[in-house]
Amino acid sequence: MRITIVSGADGAPFVHDLAARLGPADQLTVIAPTVRDHWSAWLKASPDLDALLLVPGTPTTYAVADQLRTIEYSPTWQRTSDQDVATRLVRTELIGTGFSLTEATLAAATRSGLPYALLPACEQRAELHVVVGGDEPRAVHVEEYLADPAAHSPTETVLVAESLSVSPAVTTTLQQTDVLVLAPSSRTLAIDPVLRVPGFLDLVPADLPVVVVDHEDPAPADLVRVAGLREPDPGAVRTSTADAAAVVDLARRITA
């Protein structure tokens, strides 16, 4: 069985749980959003990919981030773990030598021994910004907003991108998958940003089984409010609780 799951950083525990419940003949591919991507200290930061690349149980330390703050090099909202810094160093070097974001991500997933293939939804740079402030509005990167939502009054969101399209690897994956799963991950920050990538929904036929996992959106309520209407669920929709075993069981039944 070939399962494709759309998930962001907050869905990483569910993804690992689901992967652990699959058999050796099953294939799992994860498609992650890139709207939270940015450049920090000359490194390509991809928070959703970073979280999905992290091996469960890895201790988290912040020596590099704390040193950068000590010398007042980076803003407080860019506090990155040492483990993510290592991931971003490798990603940035690979991209700098000509590899695509997809190729760099697949290589990192393989080296980490992850039980799934990991793909960014697109190759192009596309960053989500949040317009905040009343009399003097300004746009801040969504990561800056998320670092302290209470400090901002959002009025709208803006996707900054010169061009945007689903990646070739994602195209192939969706054409070959047996089941598409929308993970218990933020609808505002993860699921909808992937569904809205031009070309994605065109690759989900009406008869493709799509398992939508019920959950509350963990994104700040103000951000959910200004982000706009939820994208309609594609395909032949089935719903499931946020239980990996239940999702795997449902997927096997609808593909039998």
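Along the sequence shown, residues carry numbers from 1.
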With rounding to the nearest 0.5 angstrom, report the OG1 to CG distance, Thr61 to Asp82. 3.5 Å
Spatial distance of atom CD1 (Ile31) from atom CG (Leu195) [nearest 0.5 Å]: 9.5 Å
Going hydrophobic residue to hydrophobic residue with side-chain gaps under 4.5 angstrom, can you get from Ile254 over to Leu18? yes
Just checking, any donor-acceptor pair under 3.5 angstrom between side chains of Arg36 and Ser46? no
Expected output: side-chain Thr92 to main-chain Arg88 donor-acceptor under 3.5 Å: yes
Short question: side chain of Thr172, backbone of Ala169 - any donor-acceptor pair under 3.5 Å? no
Going by atom types only, do Ser186 and Asp10 share a side-chain donor-acceptor pair under 3.5 Å? no
Ignoring hydrogens, what is the shortest heavy-atom contact between Pro120 and Val170? Give both atom names and the distance. O-CG2, 3.5 Å
Report yes if the side chains of Thr102 and Thr105 come closer than 4.5 Å at any heavy-atom pair, otherwise no. no
Set of residues satisfying side chain to side chain contact (heavy atoms under 4.5 Å, CB included) with respect to Arg252, sequence neighbours excluded: Met1, Leu22, Asp26, Val248
Rounded to the nearest 0.5 Å, what separation is found between the CG atom of Leu128 and the NE2 atom of His141? 7.5 Å
Can you check whether Leu223 reaches Thr188 side chain to side chain, under 4.5 Å on heavy atoms? yes
Would you check if there is a donor-acceptor pair between the side chains of Ser40 and Gln78 at a distance under 3.5 Å? yes
Hey, quick one: are Val15 and Val6 part of the same hydrophobic cluster, counting side-chain heavy atoms closer than 4.5 Å, chains of contacts allowed? no
Measure across Ala12 and Ala51 and return the closest heavy-atom pair with its distance rounded to 0.1 Å. CB-O, 4.0 Å
Leu119 vs Leu106, side-chain contact (heavy atoms from CB on, under 4.5 Å): CA-CA, chis, key distance, verdict: CA-CA 7 Å; Leu119 302 174; Leu106 286 170; 3.7 Å; yes
Check this for me: does any side-chain nitrogen of one of Asp217 and Arg230 sit under 4.0 Å from a carboxylate oxygen of the other? no
Give the intermediate values and the outcome of side-chain contact (heavy atoms from CB on, under 4.5 Å) for residues Val210 and Val212. CA-CA 6 Å; Val210 176; Val212 179; 4.2 Å; yes
Between His16 and Tyr116, do the side chains contain an N or O donor and an N or O acceptor separated by less than 3.5 Å? yes
Hey, quick one: are Leu114 and Leu101 part of the same hydrophobic cluster, counting side-chain heavy atoms closer than 4.5 Å, chains of contacts allowed? yes
Centroid separation His215 to Phe14 less than 6.0 Å: no
Which heavy atom of Ala190 sits nearest a heavy atom of Ser185, and at what distance? CB-OG, 3.3 Å
When rounded to the nearest 0.5 angstrom, what distance separates OG1 in Thr97 from CD in Glu103? 9.5 Å
Consider only side-chain heavy atoms of I, L, V, M, F, W and Y, link residues closer than 4.5 Å, and tell whether Val179 and Leu201 are in one cluster. no
Report whether Val85 and Val90 are members of the same hydrophobic cluster (ILVMFWY, side-chain heavy atoms less than 4.5 Å apart, transitive linking). no
Minimal non-hydrogen separation, Thr80 against Asp84, with atom names: CG2-CB, 3.4 Å
Would you mind reporting whether Thr241 and Val213 have side-chain heavy atoms less than 4.5 Å apart? no
Neighbour count above 12 (heavy atom, 6.0 Å) for Glu93 CD: no
Are any of the side-chain nitrogens in Glu136 or Arg138 under 4.0 Å away from the carboxylate oxygens of its partner? no
Verify side-chain contact (heavy atoms from CB on, under 4.5 Å) between Val35 and Val142, making sure each step is shown before the conclusion. CA-CA 8 Å; Val35 295; Val142 67; 5.8 Å; no
Specify the closest pair of heavy atoms between Pro115 and Leu28, including all atoms of both residues, with the distance to one decimal. O-CB, 4.4 Å
Backbone N/O of Ala117 and side chain of Thr29: donor-acceptor pair under 3.5 Å: no
Measure the spacing between CG of Asp243 and CG of Asp17 and express it to the nearest 0.5 Å. 7.5 Å
Are the side chains of Pro234 and Phe200 in contact, using a 4.5 Å heavy-atom criterion? no
Is a side-chain N or O of Thr34 found less than 3.5 angstrom from the main chain of Asp37, in a donor-acceptor match? no
Nearest 0.5 Å, please: how far is OG in Ser100 from CG in Leu94? 9.5 Å
Does Asp50 pair with Arg91 as a salt bridge, N-O distance under 4.0 Å? yes
Can you find a side-chain donor-acceptor pair between Gln83 and Thr60 that sits under 3.5 Å? no
Is there a side-chain contact between Leu182 and Asp233, using heavy atoms and a 4.5 Å cut-off? yes
Validation row: Ser153, Asp222 side chains within 4.5 angstrom (heavy atoms): no
Is there a side-chain contact between Leu118 and Leu49, using heavy atoms and a 4.5 Å cut-off? yes
Taking the side chain from Arg125 and the backbone from His38, do they hold a donor-acceptor pair closer than 3.5 Å? no
Contacts of Asp178 that satisfy salt bridge (Lys or Arg N to Asp or Glu O under 4.0 Å) - sequence neighbours left out: Arg2
Would you please test Thr171 and Leu203 for side-chain contact (heavy atoms from CB on, under 4.5 Å) and show each step? CA-CA 7 Å; Thr171 297; Leu203 295 166; 3.6 Å; yes
Do Leu208 and Leu174 have side chains that get closer than 4.5 Å, going by heavy atoms? no
In short, Asp48 meets Ala9 closest at the heavy-atom pair OD1-N, 2.7 Å
